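Keep in mind the model is a prediction, meaning the values are calculated, not measured.
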Amino acid sequence: DFTSGQTQTVSIDNKTYTITNNKTSANTLSYGFISGTNQIAFVGSSFSVTAADGQADNVRFFVNYGTLNTGDGNDSVNNSGEDSTIGLGAGDDTITNTGKYVKIDAGDGNDSVNNNSGYATTIGLGAGEDTITNSGPLVVISKGETNSTDSVSTTKDNTVIVDEMFTMDFTSGQTQTVSIDNKTYT
C-alpha cells in the first residue's frame with residue numbers, strides 16, 4: 001500500500017524498480033514475477049514505475065493512468081494499461097500495446113513496436129531502424145528522423161505518419177499559438 005505521493009523501491013527477480021503513487025490519496029499496486037513468461041507484472045492505477053538503467057526488463061504493464069520508464073537496455077514490454085505513457089529508453093526494445101490512449105516513446109535503438117488495436121495511440125521513434133506493425137485505429141506515428149529507414153506496416157487507413165511531433169501542455173481554458181512550416185495556428 002502507498003500513501004499519497006509515496007515512492008518505494010522494490011527488487012523483483014534481481015531487477016530494481018522505483019514506484020511512485022501518483023494519486024492524492026492512498027493507493028495499491030500489485031506486482032510480481034510470472035515464471036511461465038519470465039515477465040514482471042505491475043497491476044494498478046495511477047502509478048509511475050521506473051526501472052534501473054542498464055537492466056534488460058521484461059514487463060507486463062496493466063497500470064491505467066500510469067507511466068513506465070524502462071531506461072537504457074534491451075527491454076520487452078507488453079502494455080494493456082489505458083491512458084498510460086511508456087518510455088523505453090535507448091536499446092533494441094520490443095513493445096506490444098493493446099491499451100487505449102497510450103503514448104509510446106520507443107527511444108533510440110532498433111525497436112519493434114506492435115500496436116494491436118491500441119486506440120488513439122501515439123508512437124514516437126528515435127534514432128535507429130525501427131519496425132512498426134499497427135492494427136489500431138486513430139494512431140499517430142512520429143518517425144523522429146527525416147531520412148529514416150523505419151518500416152511501418154498498418155492495416156488502418158486513419159494512421160498518420162509524421163517526421164517529427166511536438167506536444168503542448170494546456171491548463172483549463174488556456175490558448176496557445178504555434179508555428180509549423182511557416183504557418184501559425186492558435
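A donor-acceptor pair is defined here as one N or O able to donate and one able to accept, closer than 3.5 Å; such a pair exists between the side chain of Asp72 and the backbone of Ala90. In terms of modelled atom types and a separation under 3.5 Å, the side chain of Asp53 and the main chain of Gly71 share no donor-acceptor contact. Here the side chain of Asp13 pairs no donor or acceptor atom with the backbone of Lys15 at under 3.5 angstrom. Between the Asn110 side chain and the Glu129 main chain, a donor and an acceptor come within less than 3.5 Å of each other. A distance-only check finds no donor-acceptor pair linking the side chain of Asp57 to the backbone of Val59 [under 3.5 Å]. Between the side chain of Asn27 and the backbone N or O of Ser45, at least one donor-acceptor pair lies under 3.5 Å.
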Open item on the list: I'd like to know whether Asn69 forms a side chain to side chain contact (heavy atoms under 4.5 Å, CB included) with Leu88, so could you lay out the CA-CA distance, the side-chain angles of the two residues, the decisive distance to 0.1 Å, and finally the verdict.
Closed with: CA-CA 6 Å; Asn69 290 303; Leu88 297 173; over 6 Å; no
- [ ] Begin with the C-alpha distance, continue with both residues' side-chain angles, and end with the deciding distance and a verdict on side chain to side chain contact (heavy atoms under 4.5 Å, CB included) for Ile86 and Ile95.
- [x] CA-CA 9 Å; Ile86 311 295; Ile95 183 168; 3.7 Å; yes
TODO: Would you please test Asn21 and Thr3 for side chain to side chain contact (heavy atoms under 4.5 Å, CB included) and show each step?
DONE: CA-CA 7 Å; Asn21 175 14; Thr3 59; 5.9 Å; no
- [ ] Dump the intermediate steps for side chain to side chain contact (heavy atoms under 4.5 Å, CB included) on Asn115 and Val139, then the final yes or no.
- [x] CA-CA 9 Å; Asn115 186 51; Val139 173; 3.4 Å; yes
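Judged purely by distance below 3.5 Å, without hydrogens or angles, the side chains of Thr20 and Thr7 pair a donor atom with an acceptor atom. Defined by atom type and a distance below 3.5 Å, a donor-acceptor pair is missing between the side-chain atoms of Asp83 and Asn64. Counted by atom type alone, Ser48 and Asn22 present one or more donor-acceptor pairs between their side chains at under 3.5 Å. With hydrogens and angles left out, the side-chain atoms of Asp1 and Thr28 include a donor and acceptor closer than 3.5 Å.
Nearest heavy-atom pair, Glu82 versus Gly99, reported as atom, atom and distance to 0.1 Å: CG-CA, 4.3 Å. Taking both residues in full, the closest heavy atoms of Ala51 and Gln55 are given as CB-NE2, 3.6 Å, listed atom of the first, atom of the second, then distance. Pairing each heavy atom of Ser46 with each of Lys23, the nearest pair is CB-CG, 3.5 Å.
Rounding to the nearest 0.5 Å places OH of Tyr17 at 12.5 Å from OG1 of Thr9. Atom-to-atom distance recorded for Thr98:OG1 and Asn78:CG is 6.5 Å, nearest 0.5 angstrom. Atoms OG1 and CZ, on Thr70 and Phe61 in that order, are 11.0 Å from each other to the nearest 0.5 Å. Separating the OG1 atom in Thr94 from the CG atom in Asp111 is a distance of 7.5 Å, to the nearest 0.5 Å. Atom CZ in Arg60 sits 13.5 Å away from atom CZ in Phe42 (nearest 0.5 Å). With values rounded to the nearest 0.5 angstrom, Lys103 atom NZ is found 12.5 Å from Ile123 atom CD1.
Residues Leu68 and Ile19 fall within the same hydrophobic cluster, defined by Ile, Leu, Val, Met, Phe, Trp and Tyr side chains chained together at heavy-atom separations under 4.5 Å. Hydrophobic clustering of Ile, Leu, Val, Met, Phe, Trp and Tyr side chains at less than 4.5 Å, counting indirect connections, keeps Val43 apart from Ile12.
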Identify every side-chain donor-acceptor pair in residues 29-40 under 3.5 Å, counting partners at least two apart or on other chains, and give the distances.
residue, atom, partner, partner atom, Å
Thr37, OG1, Gln39, N, 3.4
Thr37, OG1, Gln39, OE1, 3.2

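Side-chain atoms of Asn97 and Ile104, non-hydrogen and from C-beta on, do get closer than 4.5 Å to each other. In this structure, the side chains of Thr96 and Asn116 come closer than 4.5 Å at one or more pairs of heavy atoms.
Taking the six-membered ring for Trp and the full ring otherwise, Tyr65 and Phe47 have centroids separated by 6.0 Å or more.
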